[in-house]
Amino acid sequence: LQHSHRWDIAAGSFRRAWPVVLTSAALAVILGIAYLQVMKDYAGLLIFTSLVTCTVLFFLLGLFFLVGLFVNPWDEDGHYQQVNPLFRSFYGMEATAWTAVVG
């Protein structure tokens, strides 16, 4: 009897919330159609832009880690050592080595 009561409460909740479910479904269909239309027209541009963006970001990330070769590895209070997660995980020359490997 308890199990059937829970189903009744769930069904009652759906009866009160059907406008939200219907609106969400309609919005999902409209946004899906819009996404497919944009992909049909601008897929090449989107792929090119994402490739250029990823290349630039990975280049900058590599430069950030390579800077670790030129800082004092024993200065734990330096700005770069506080920002670089490898200098927070390792100490001294080990941190410099891992930074060079990652960079």
What about L27 and V29, same hydrophobic cluster or not, with Ile/Leu/Val/Met/Phe/Trp/Tyr joined at side-chain heavy-atom distances under 4.5 Å? no

Are Q82 and F87 close enough, and set up right, to give a side-chain contact (heavy atoms from CB on, under 4.5 Å), and what steps lead you there? CA-CA 7 Å; Q82 297 295 320; F87 272 91; over 6 Å; no

Report, one line per pair, each donor and acceptor closer than 3.5 Å where one atom sits in a side chain of residues 62-75; sequence neighbours left out.
unit_1 : atom_1 : unit_2 : atom_2 : d
N72    : OD1    : W74    : N      : 3.1
D75    : OD1    : D77    : N      : 3.4

Heavy-atom closest pair (L86 atom, V102 atom, distance to 0.1 Å) is CD1-CG2, 3.7 Å

Does M39, at its CE atom, have more than 12 non-hydrogen atoms belonging to other residues, nucleotides or ligands within less than 6.0 Å? yes

Between CG of D41 and CG of L46, what distance do you get to the nearest 0.5 Å? 12.0 Å

side-chain contact (heavy atoms from CB on, under 4.5 Å) against F48, all qualifying residues, sequence neighbours excluded: V52

Roughly how far, to the nearest 0.5 Å, is the CD atom of Q81 from the CZ atom of R88? 11.5 Å

Check the surroundings of atom OH in Y91: do more than 12 heavy atoms from other residues, nucleotides or ligands lie under 6.0 Å from it? yes

Under the 3.5 angstrom rule, does the side chain of S50 hit a backbone N or O of I47 as a donor-acceptor pair? yes

May I have the step-by-step check of side-chain contact (heavy atoms from CB on, under 4.5 Å) for F90 and T96, ending in yes or no? CA-CA 9 Å; F90 302 105; T96 302; over 6 Å; no

